[in-house]
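Side-chain atoms are counted along with the backbone in the values below, which use heavy atoms only and exclude waters and symmetry mates. No experiment lies behind these values; they were computed from the predicted model shown.
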Amino acid sequence: MIKKKIALLFVSTLIFVCASCFAACGHVCSFSEWQTEKAATCIEKGYRVRTCTHPDCGKQEREEIDIDLQAHALASVDAIDAGCTTDGNVAYNHCSLCDKDFDEDGNELTAEDKIVHAAHKTVDIEEVAATEHNSGTRAYKHCTACQKDLDNDGNELTAQDLVVSATHADYDKGTLYCGTCAEYIITNVEQFKLFRDTVNGGEKFTNQTVALDADLDLDNEEWTPINGFYGTFDGRNYVIKNLKISSGDNVGLFGKQWQIKAAISNFTIDGADITGGSCVAVVLGQTASTQVTGITVKNARISAAHYAGGIVGYAYTKISDCNVDGLEIVCVPDGTEGAYDNGDKVGGIVGYLCSGGVENCSVANIALKGYRDIGGIAGTATAAEGAVYVRNNTVTNANICADQITNHYGNKDANAAEVVGRVIGAVEIETNAHSEVTIELKLNA
C-alpha cells in the first residue's frame with residue numbers, strides 16, 4: 001500500500017514540472033510576428049525572433065537575415081565644379097560601411113565615374129582680318145573663368161601670339177605716315193585728335209594727303225576745330241559720328257581755312273550738335289579757297305548768330321556733290337557790339353557764298369530759321385567779289401522760317417526762298433529743283 005502512494009506522488013510532480021513543456025503540456029505554440037533584433041546591412045547578416053504567445057510558454061525561434069546589399073549607411077557628397085586646371089566631382093552618396101559610392105538611383109560608381117575633368121570654359125573669338133594699316137587678330141578661344149586665351153589644342157596664347165600684323169609694315173602709328181601709301185593715315189579717334197592738334201600746333205601738311213581708314217565715333221566729346229590745314233583730307237567714304245562743339249566763331253569739324261588752297265572730301269558726319277557765334281557749320285566754319293567735295297551730313301543741329309550752313313558757314317570756294325539729310329539750324333541775333341544786327345545768312349549747304357559756287361548738292365528734311373537771308377541751298381549768294389553759281393541742286397521737305405520777332409532790331413526784307421534766300425549781283429542760278437518746301441514769315445507788327 002505504501003508503494004502505491006509513492007508512485008502517485010511522483011507522477012504528480014512530473015506533470016507540474018513539465019507544465020511549460022509542449023511534450024508534457026500538450027499545447028501547440030502560436031508565435032507572434034517576427035521582430036528584427038538586428039538589421040542586416042550591406043556587409044553583415046542580421047537576425048529576427050518570434051515568441052510563443054501562450055502565457056506560460058515563452059518559447060522563441062530565431063532566424064538569420066541575409067546580408068542586404070542595398071542596406072547602405074549613406075551620406076551625400078556635394079558636387080564640386082571643375083576648374084580650368086583642377087578636377088571636380090559629381091554629386092554622389094557614400095556608404096560608410098562598405099566604403100562604396102553610388103548615384104541617386106543606387107548605381108555603384110567607380111572613381112572615374114565621379115570625376116568631372118578640368119576644362120576651360122571657352123567662347124570662340126572670330127578672326128579679325130588685318131588691313132593695310134590696322135593689325136588684326138587670329139581666331140582663338142577665350143576662357144571666361146581664368147581669362148586666358150587658347151588655341152584649338154588648349155595651348156595658352158600671349159597677346160603677341162594673337163596679333164596679325166597690318167599689311168603695310170612701314171606704317172608708323174605715332175607719326176601717322178605710311179611709306180607704302182606716301183600718305184598720312186588715321187585709323188582711330190586718338191589719331192584723329194593727334195592730327196588736329198598737330199595742325200593746330202603749326203604743322204600744316206602742305207601738299208600732303210591725310211586719309212581716314214576707319215569709321216570714327218567722337219562720342220559727343222567737346223571738339224576743337226582743325227584750323228589752317230594746307231593739304232588734302234580724304235575721308236574715303238568713312239563715317240565720323242557724334243560731333244559736338246559748344247561755343248566759338250569759325251567752328252565746325254574744320255574751323256577756319258582762310259586763303260588756303262586745300263581740299264576736304266569724301267566722308268559722312270552722322271550726328272552733330274554745334275553751338276557757335278559767327279561762321280558756324282558742320283564741316284567747315286569759314287574758308288577762302290579750300291574746296292569741299294563729296295561730303296554728307298546727317299542728323300545735325302546748329303545754333304548760331306551769323307553765317308550758318310549745313311556744310312560751310314562762310315565761303316569763298318567751290319562746294320560740290322555734298323548732301324544734307326536731317327538738319328536744324330536756328331540763327332538768332334545775339335546783340336554783338338551792343339546792338340542786334342545779325343541772325344542772318346542761313347543755308348542748308350552754305351550760309352554766305354561770296355565766290356565759287358555750289359553744284360550737284362542736295363538737302364532733305366531740314367528746318368532753317370533766321371532773322372533774314374535764308375535759303376534751302378544758300379542763305380546769301382553774292383557776285384560782288386567774283387563769279388558765283390548755284391546749279392543742279394535739289395531741296396526736298398524743307399521748312400524755312402524768317403523770324404523777325406525774336407531779338408527784333410527792325411523790319412528787314414525776309415529774303416527767304418527755296419534755293420537761295422538773297423541774291424546779290426549776277427549770280428548764276430540754274431537747273432535747281434525743290435519740292436515740299438514751306439516758307440514762314442514771323443514779322444514784327
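- Here L443 contributes atom CG and I405 contributes atom CD1; the two are 7.5 Å apart, rounded to the nearest 0.5 Å.
- Looking at every heavy atom in both residues, I67 comes nearest to K45 through CG1-N, 3.7 Å.
- With sequence neighbours left out, N323 forms a side-chain hydrogen bond (donor to acceptor under 3.5 Å, both in side chains) with S362.
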Show me the donor-acceptor pairs, under 3.5 Å and distance only, between side chains in residues 294-312 and residues at least two apart or in other chains.
{"unit_1": "N299", "atom_1": "ND2", "unit_2": "D270", "atom_2": "OD1", "d": "2.8"}
{"unit_1": "H306", "atom_1": "NE2", "unit_2": "D344", "atom_2": "OD1", "d": "2.9"}

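- Side chain of T290 to backbone of I260: a donor-acceptor contact under 3.5 angstrom is found.
- The side-chain heavy atoms of H72 and L97, taken from C-beta on, include no pair separated by under 4.5 Å.
- No donor-acceptor contact under 3.5 angstrom links the side chains of D321 and T293, judged on distance only.
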Give every donor-acceptor pair under 3.5 Å between a side-chain atom in residues 110-121 and any protein atom, sequence neighbours left out.
{"unit_1": "T110", "atom_1": "OG1", "unit_2": "E112", "atom_2": "N", "d": "3.4"}
{"unit_1": "T110", "atom_1": "OG1", "unit_2": "D113", "atom_2": "N", "d": "3.1"}
{"unit_1": "T110", "atom_1": "OG1", "unit_2": "D113", "atom_2": "OD1", "d": "3.4"}
{"unit_1": "T110", "atom_1": "OG1", "unit_2": "D113", "atom_2": "OD2", "d": "3.0"}
{"unit_1": "E112", "atom_1": "OE2", "unit_2": "H117", "atom_2": "NE2", "d": "2.7"}
{"unit_1": "D113", "atom_1": "OD2", "unit_2": "T110", "atom_2": "N", "d": "2.8"}
{"unit_1": "K114", "atom_1": "NZ", "unit_2": "D101", "atom_2": "OD2", "d": "2.6"}
{"unit_1": "K121", "atom_1": "NZ", "unit_2": "A82", "atom_2": "O", "d": "3.3"}

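- Residues passing the salt bridge (charged side-chain N to carboxylate O under 4.0 Å, His left out) test with K204: none are found, sequence neighbours excluded.
- For Q191 (side chain) and L176 (main-chain N/O), no donor-acceptor pair under 3.5 Å exists by modelled atom type.
- Annotation: the span from I366 atom CD1 to N399 atom CG amounts to 9.0 Å, rounded to 0.5 Å.
- With a 4.5 Å cut-off on side-chain heavy atoms, K256 and T287 do not count as touching.
- A pairwise comparison of heavy atoms in G313 and A281 identifies N-CB, 3.3 Å as the closest pair.
- Annotation: side chain of E203 is not in contact with side chain of Q208 (no heavy-atom distance under 4.5 Å).
- Within the 4.5 Å cutoff, the side chain of I65 has heavy atoms near those of the R48 side chain.
- Heavy-atom minimum distance, S289 versus T317: C-OG1, 3.8 Å.
- The neighbour count for E104 CD, taken as heavy atoms of other residues, nucleotides or ligands under 6.0 Å away, does not exceed 12.
- Here the closest non-hydrogen pair linking D234 and N266 is OD1-ND2, 3.3 Å.
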Got a list of side-chain donor-acceptor pairs under 3.5 Å for residues 210-220, not counting sequence neighbours?
{"unit_1": "D213", "atom_1": "OD2", "unit_2": "H133", "atom_2": "ND1", "d": "3.2"}
{"unit_1": "D215", "atom_1": "OD1", "unit_2": "V239", "atom_2": "N", "d": "2.9"}
{"unit_1": "D217", "atom_1": "OD1", "unit_2": "D219", "atom_2": "N", "d": "2.8"}
{"unit_1": "D217", "atom_1": "OD1", "unit_2": "N242", "atom_2": "ND2", "d": "2.8"}

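- Around atom CD of Q147, more than 12 heavy atoms belonging to other residues, nucleotides or ligands sit under 6.0 Å away.
- Judged by distance alone, the side chain of N89 and the main-chain N or O of D78 form a donor-acceptor pair under 3.5 Å.
- Using a 4.5 Å heavy-atom threshold, the side chains of P225 and L253 count as separate.
- In this structure, Y140 contributes its side chain and D161 its backbone to no donor-acceptor pair below 3.5 Å.
- Of the possible donor and acceptor atoms, one in the side chain of Q257 sits under 3.5 Å from a partner among the backbone N and O of F229.
- Not counting sequence neighbours, Q259 has no partner by the side-chain hydrogen bond (donor to acceptor under 3.5 Å, both in side chains) test.
- Residues C84 and K148 fail the side-chain proximity criterion, which asks for heavy atoms closer than 4.5 Å.
- Taking CD from E359 and CD from E430, the interatomic distance works out to 9.0 Å, rounded to the nearest 0.5 Å.
- Between atom CG of residue D149 and atom CG of residue L157 there is a gap of 6.5 Å, rounded to the nearest 0.5 Å.
- Judged by distance alone, with hydrogens and angles left aside, the side-chain atoms of D153 form no donor-acceptor pair with the main-chain N or O of N155 at under 3.5 Å.
- Of the possible donor and acceptor atoms, none in the side chain of N393 sits under 3.5 Å from a partner among the backbone N and O of V419.
- Aromatic ring pairs are classed by plane angle as parallel below 30°, tilted from 30° to 60° and perpendicular above 60°; the pair F254 and F195 is perpendicular.
- Around CG of N207, the count of heavy atoms belonging to other residues, nucleotides or ligands within 6.0 Å does not exceed 12.
- Residues passing the side-chain hydrogen bond (donor to acceptor under 3.5 Å, both in side chains) test with T85: none are found, sequence neighbours excluded.
- Legend: residues meeting ring-ring contact (aromatic ring centres under 6.0 Å, His included) with Y340, ordered by chain and number and at least two apart, are absent.
- Take Y316 and apply the ring-ring contact (aromatic ring centres under 6.0 Å, His included) test, not counting sequence neighbours, and it matches W258, Y314.
- For Y184, the ring-ring contact (aromatic ring centres under 6.0 Å, His included) partners are Y177, F205, not counting sequence neighbours.
- Scanning both residues, S135 and A166, for their nearest heavy atoms gives OG-N, 3.6 Å.
- One finds the CD atom of Q286 at 10.0 Å from the CG atom of N227 (value rounded to the nearest 0.5 Å).
- Within the 4.5 Å cutoff, the side chain of L284 has heavy atoms near those of the V292 side chain.
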Atom pairs and distances, side-chain donor-acceptor, residues 369-379, under 3.5 Å, sequence neighbours left out:
{"unit_1": "Y371", "atom_1": "OH", "unit_2": "H408", "atom_2": "ND1", "d": "3.1"}
{"unit_1": "Y371", "atom_1": "OH", "unit_2": "Y409", "atom_2": "N", "d": "2.8"}
{"unit_1": "Y371", "atom_1": "OH", "unit_2": "G410", "atom_2": "N", "d": "3.2"}
{"unit_1": "Y371", "atom_1": "OH", "unit_2": "G410", "atom_2": "O", "d": "2.7"}
{"unit_1": "D373", "atom_1": "OD1", "unit_2": "N415", "atom_2": "ND2", "d": "2.8"}
{"unit_1": "D373", "atom_1": "OD2", "unit_2": "K345", "atom_2": "NZ", "d": "2.8"}
{"unit_1": "D373", "atom_1": "OD2", "unit_2": "R422", "atom_2": "NH1", "d": "3.3"}

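- A donor-acceptor pair is defined here as one N or O able to donate and one able to accept, closer than 3.5 Å; such a pair exists between the side chain of T41 and the backbone of E44.
- Atom CG of D151 sits in a crowded spot, with more than 12 heavy atoms from other residues, nucleotides or ligands closer than 6.0 Å.
- At a cut-off of 3.5 Å, with distance as the only test, a side-chain donor of T431 or N392 sits close to an acceptor on the other residue.
- No more than 12 heavy atoms of other residues, nucleotides or ligands shown are found within 6.0 angstrom of CG on D81.
- With rounding to the nearest 0.5 angstrom, the CD1 atom of I43 is 7.5 Å from the SG atom of C95.
- A donor-acceptor pair under 3.5 Å is absent between the side-chain atoms of N360 and the main chain of S320, judged by distance alone.
- Contact of the S76 side chain with the N93 side chain is registered, since non-hydrogen atoms from C-beta on lie closer than 4.5 Å.
- Between the side chain of D334 and the backbone N or O of G277, no donor-acceptor pair lies under 3.5 Å.
- Sorted by first then second residue, the salt bridge (Lys or Arg N to Asp or Glu O under 4.0 Å) pairs that include residues 127-144, not counting sequence neighbours, are D124-K141.
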